[in-house]
Each structure stands twice: as C-alpha cells, then as structure tokens.
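Take a look at the structure set out below.
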Amino acid sequence: MQNTTNLATGLRLPVNALDYALMAIYFAVVLGIGFAARRSVRTSLDFFLSGRSLPAWITGLAFVSANLAATEILGMAANSAQYGAYTVHWYWIGAIPAMVFLGLVMMPFYYGSKVRSVPEFLLLRFDRWAHLLSSALFAFAAVLIAGVNLYALAIVVEALLGWPQWLAVVVAGFFVLAYITLGGLSSAIYNEVLQFFVILAALIPLTALGLKKAGGWGGLTDSLTAGHGHHFVTAWGGTGIGSANPLGANWLTIVLGLGFVLSFGYWTTNFAEVQRALSAKNLSAARRTPLIAAYPKIFIVFLVMIPGLVAAALVPGIGTSGSDLQYNDAIPYLMQELLPNGVLGVAVTGLLAAFMAGMAANVSSFNTVFTNDIWARYVVRGREDAYYVRFGRLITVIGVLVSIGTAFLASSFSNIMAYLQTLFSFFNVPMFVVFVVGMFWKRASVRSGFWGLLAGTTAAMVNYFVVYKQGIVAIPTDQGANFVSAIAGFAAGAVVMVAVSLFTAPKPDEELRGLVYGTVSPGMAEPPAAGDDAWYRRPALLGWGALILAAACYIPFSF
C-alpha cells in the first residue's frame, strides 16, 4: 500500500489574483452567514437543531451537501481511477435505496420520538448502556472523519497552491470553527446549501472538459477498454462468484456488503446526515429531506466518476509504483491540465467548500452528541439551557482541535474512500443492525442493544485487522475487505441480539409506543399542512421515483 503523505509535487496550479479574489469572496460570505445565523440562536434547540424550523428543500440540499465532502469527491474519483465504472454502485445501490428507506420508514420514528440525536433513540428503545456506547462510538468516528477532511485538504492545498500543510489546516479549521460556533447548525446548513452549488460549479466544467480531452464518451471507453479490459467500464461485468474484476468483489458482496449493510448502516444511522432531517419544520418535511437529496445524488456520480476515468485514460499507470500520480491525484491532475484562470479559482473554491462541508457536518453532529448525549446526560445534569449552549460552543473548539490530531491517520491509505468505508464498517453497520432489529422486533430486549452493538463492532474489526490484514482469508482489495467486514459486523450483531433477547426481559409494550414498527405515539401524528396533496410533497411518490430512476441509470452500464 502506498503512502500518501504528499500528493504529486508536480501538480502546482497556476493560480492568479482573480482566482484568489474568488476564494476570498467565498470565505467572506461563509463568515457572513455565520454572523447572520447567530441572531437566531436563543436556545440549545436552536443551536443544535435549528429550532426544528427549516423547510424541506433547504434540509434536502444540506443533506446531500453534507455527504458531498471533498473526501467523496477525491475518494470517488480515486475509486473510479482504480476500479472503473464499478463506482456507480456506491450511488445507485449504495445510497438511493437507503435514503428512501430513511425517509419513508425511519424518519417517523426519529422525528416522532422528538429525539435530538440518533444515539438518543437507542436510549428510548434500549437502555443507557446501548446509548452511552453508541454515543461514544459516534463521537469518536465523527472526529476521525472530520480529520480525514482536514488531512485531505492539507495535502491537496499544499500540492495545488503551495501553502504549507499547517496553514491549510489552520485556515480551514478556523472558518469551520467560526461559523459553527457563531450560528450553530443553522449556519452549517445554510453554508452547506451554498457549498452545494459552488461544488457543482467546480465539477461540471471539469467533467465536460475532461470528456472532451478524452475524445468524448466513446473515446474514453475505447481507451479504458484497451488499457484495463472491458470490465473496467461496466457495472456488473466480471462480478460472478469466483470471477476476477478490478474491484475484487462479487455481486453477492456488492449487494449485501455495500448495497445493504454498509449503505443502510451509513445513511440511516449516521447523525451527520440525519441531523439535517431532524432540523426540518415538521414530520412531512423531515421525511422528504433524504428523498429530495436522493435526486441530485443519482446524477452526482457522473461528476466524480468521469474525472477519475479520464485520469485513468490520460495517465495509464496512475496509482502504480511506476507513476508519480496516485489515485487521489485524479481531480487535482485534471484541474491543473484543463482549467483556465477564473474557472480554476471556482474549482479550487469548490474543493475547499467540499472539505469544509464534510468537516462541518461531522463537527456539528459531534458537538450535538457530545453535549446532549454524554455531557448533559451523564456528567453535568440539570443545568440551565444557556449553559449547554456555551458548552456546545466550547466542545466545537475541542472537536476541531481533536480533528486536527486525527488527520494523519488517513495517510496510510492511497484511496481515502477505502479508509472511510473501513470506518463505516466499524461504526455505522453495527449501529444499523441494532436499530433495525430494535425497530422491527418488539421482543428485542433492553440488554440486547448494548451487546449487539459491541459484538458487531468487534466482529467487523476482527475481520479487517486479523482475517484480512493477516492474510488468513485472501481478499483482493481494501474495498472488498470492507464489504466482508460489514457483512460480518451485521451478522454478528444480529445473532448476539437474538441470543441475548431470548434470555433477558423485553421492555413493556407501553414503553415501546412510537419506537417499534406497528406502534404509534401521539408525537408521530400530525395534520397535513396546506398543499401537502401536491405530488412533490408525497414521500412515497418521491421515494419510488428515486428508486426507479436509479434502477434505470444502471441499464447503460450493465453490459
């Protein structure tokens, strides 16, 4: 595995005063949004959940933007340069079904129970031990993932602009810290909406110019087929059990490992995403938040996959020991080769915006979980509301500082998306199995939540660090190992939950109202708002539309 402490030294961009002016304007607007949002922060609910007052289109765009971090842009482009068109699986089977499931099935439980975080739901459904363990695991994962964003930003800015890594980290950390500390979640969400459009403004011209450089889609696929084989430009080619393919996974591990456990584990329990839906103004808006986000998510894959494919075509040895470029260099390389000044400034700004969106999503979810689920619940209880707002701002500072400390843990991965998927298999998948069993099986006992979460996390880590890393079972790639780890974590968590539940007492039925499928609580019922009969306000219609559209997109890549 290659070390990626630095990107290729030859990727310095020819930025000029116009490019820096565009970046300066963007950062000024970011801080302005933070100051404007500060005036709306009066209570802890305002700071941590925007007072549950935001419309669905705002929360929907923030939902997809929080996920569209630079780690995804660089990581999915790296995925494409390394594995080819298999990248579409992370979107059409690895995101859309889970987003639809979150909106149609799980959001009524989250929003209707009035929880402030995902771990808090486990407190209501199980007990304090499941709640405390899930809170600690999530808080740890959040600062690790925020650190990935800071690490990626530092090495990219050093390579592209010549800034020292410490300066890039300090500048980005300061701006994220400033606008979240000032305006809380509202500031993060409104900045994420802005960042969504800035990111698109960066990726669209890069994708179009990359395709033109490669001779159009036909020229690109011909070049990749000649250099990497036919399977490199198909979604399902070579995925039969026992067949070899660039991804190192078969259709079963793709469907179960990525399409089910990793995908559902991330999208339905990752509080960095769910927090955006919980800030919506009512249950209808909360349910529509991930469904609205699903539509741009279907097409964003082309904006991150095509640049990776173009880089693989233009630099045939990318990522190998004989090349100066690694897989993570795909986007920076194309920016250097294709973009003129002005457009280059927009692209660099979009990349910085993506880093900040990803970091802000994890920092804002970290401060909410640490303040509400750990500090206020177990350390300092019963203080006035203003105290927890002040503490939330303080823990935001600490979270950013810890993220800086964890940034370089990602340096041993030549593909940062592989690192992120490893973290998701460790932390999100075990939490998902606890949620899904607890939501759909009334008999799941109070103690089963803690032991299922612990068993799932342990099994995923043992599979990755022992079975895979020690070569006990040969798995061709990190991503293939992640899929298997996710399956192992899910299976172990489910088996342990069932076993523990058979020997321990369940919660009384009256305590499960609104927490288990088939039960209803008063908080989940709300009258339809005016205009809710419009097609775009119908969650089921939006959900089925997203699923059908994602399935249709597979057709051109299936042969």
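Predicted, not measured: the structure shown is a model, and the values here were computed from it.
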How close do [X] and [Y] get, counting heavy atoms only, and between which atoms?
X      : Y      : answer
Ala280 : Thr289 : CB-OG1, 4.2 Å
Val500 : Thr504 : O-OG1, 2.7 Å
Met76  : Thr87  : SD-CG2, 3.9 Å
Gly350 : Ala202 : CA-CB, 3.9 Å
Ile374 : Ser135 : CG1-CB, 3.8 Å
Ala486 : Val429 : O-CG1, 3.4 Å

Are a donor atom and an acceptor atom from the side chains of [X] and [Y] found within less than 3.5 Å of each other?
X      : Y      : result
Thr43  : Asp385 : no
Ser364 : Arg276 : yes
Ser117 : Asp373 : yes

| said: Between Phe432 and Tyr266, does the ring-ring contact (aromatic ring centres under 6.0 Å, His included) criterion hold? Intermediate values first, please. | reply: CA-CA 8 Å; Phe432 171 64; Tyr266 175 80; over 10 Å; no

With a 4.5 Å cut-off on side-chain heavy atoms, are [Y] and [X] touching?
X      : Y      : answer
Tyr91  : Ile96  : no
Phe366 : Val402 : no
Val380 : Arg383 : yes
Val434 : Leu122 : yes
Phe63  : Met99  : yes
Glu273 : Thr268 : no
Ile58  : Val193 : yes
Ile300 : Tyr295 : no

To the closest 0.5 Å, what do you measure between [atom1] ([X]) and [atom2] ([Y])?
X      : Y      : atom1 : atom2 : answer
Phe264 : Leu258 : CZ    : CG    : 11.0 Å
Met107 : Arg288 : CE    : CZ    : 12.0 Å
Phe465 : Ser485 : CZ    : OG    : 9.0 Å
Asn367 : Asn362 : CG    : CG    : 11.0 Å
Thr253 : Leu262 : OG1   : CG    : 10.5 Å
Asn67  : Asn270 : CG    : CG    : 8.5 Å

| task | Go through Arg393 and Thr371 one step at a time and tell me if the side chain to side chain donor-acceptor pair (under 3.5 Å) criterion holds. | result | CA-CA 10 Å; Arg393 290 192 165 111; Thr371 302; over 6 Å; no

Do any N or O atoms from the side chain of [X] and from the backbone of [Y] form a donor-acceptor pair under 3.5 angstrom?
X      : Y      : value
Asp127 : Ala130 : yes
Ser448 : Ala444 : no
Ser501 : Ser445 : yes
Ser263 : Gly94  : yes
Tyr464 : Ala481 : no
Arg287 : Pro539 : no
Lys507 : Leu124 : yes
Trp92  : Ile298 : yes

So does [X] have more than 12 non-hydrogen atoms from other groups sitting under 6.0 Å from [atom1]?
X      : atom1 : value
Arg447 : CZ    : no
Tyr517 : OH    : no
Phe140 : CZ    : no
Trp441 : CH2   : yes

| Strictly under 6.0 Å, is that where the ring centroids of His131 and Tyr378 end up? | yes

| What about the rings of Phe121 and Tyr110, do their centers lie closer together than 6.0 Å? |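 Between Phe121 and Tyr110, the centre distance is under 6.0 Å.
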
| task | Taking the six-membered ring of Tyr111 (Phe, Tyr or Trp), confirm whether the NZ or CZ of Arg52 is under 6.0 Å from its centre and within 45° of its axis. | result |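 Because its charged atom sits under 6.0 Å from the ring centre and within 45° of the axis, Arg52 does stack over Tyr111.
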
| request: Kindly indicate whether a cation-pi arrangement holds for Arg390 with Tyr387, taking the cut-offs as under 6.0 Å to the six-membered ring centre and within 45° of the axis. | output: no

| task | Take Phe435 and Phe109, measure what ring-ring contact (aromatic ring centres under 6.0 Å, His included) needs, and give me the verdict at the end. | result | CA-CA 11 Å; Phe435 269 88; Phe109 292 99; 10.0 Å; no

| message | Out of the candidates Asn372, Val369, Val115, Thr368, only one should pair with Glu120 under the side-chain contact (heavy atoms from CB on, under 4.5 Å) rule; please name it. | response | Val115

| query | Can you list the steps and then say if Phe391 with Phe370 is a side chain to side chain contact (heavy atoms under 4.5 Å, CB included)? | reply | CA-CA 10 Å; Phe391 183 83; Phe370 196 94; 3.9 Å; yes

| Test log, rule side chain to side chain donor-acceptor pair (under 3.5 Å), inputs Gln195 and Tyr190 | CA-CA 9 Å; Gln195 288 158 350; Tyr190 282 112; over 6 Å; no

| request: Start with the C-alpha distance between Leu278 and Arg116, add both sets of side-chain angles, then the distance that settles side chain to side chain contact (heavy atoms under 4.5 Å, CB included), and finish with yes or no. | output: CA-CA 7 Å; Leu278 288 179; Arg116 292 192 175 197; over 6 Å; no

| task | Please report the C-alpha distance between Val261 and Leu256 in whole Å, then the side-chain angles of each, then the deciding distance to 0.1 Å, and finally whether the side chain to side chain contact (heavy atoms under 4.5 Å, CB included) criterion is met. | result | CA-CA 6 Å; Val261 289; Leu256 292 182; 5.8 Å; no

| field | Steps toward side chain to side chain contact (heavy atoms under 4.5 Å, CB included) verdict (Arg377, Leu123) | value | CA-CA 11 Å; Arg377 181 73 61 177; Leu123 177 65; 3.4 Å; yes

| task | Let me see the working for Phe138 and Phe427 under ring-ring contact (aromatic ring centres under 6.0 Å, His included), right down to the final yes or no. | result | CA-CA 7 Å; Phe138 177 81; Phe427 300 115; 9.4 Å; no

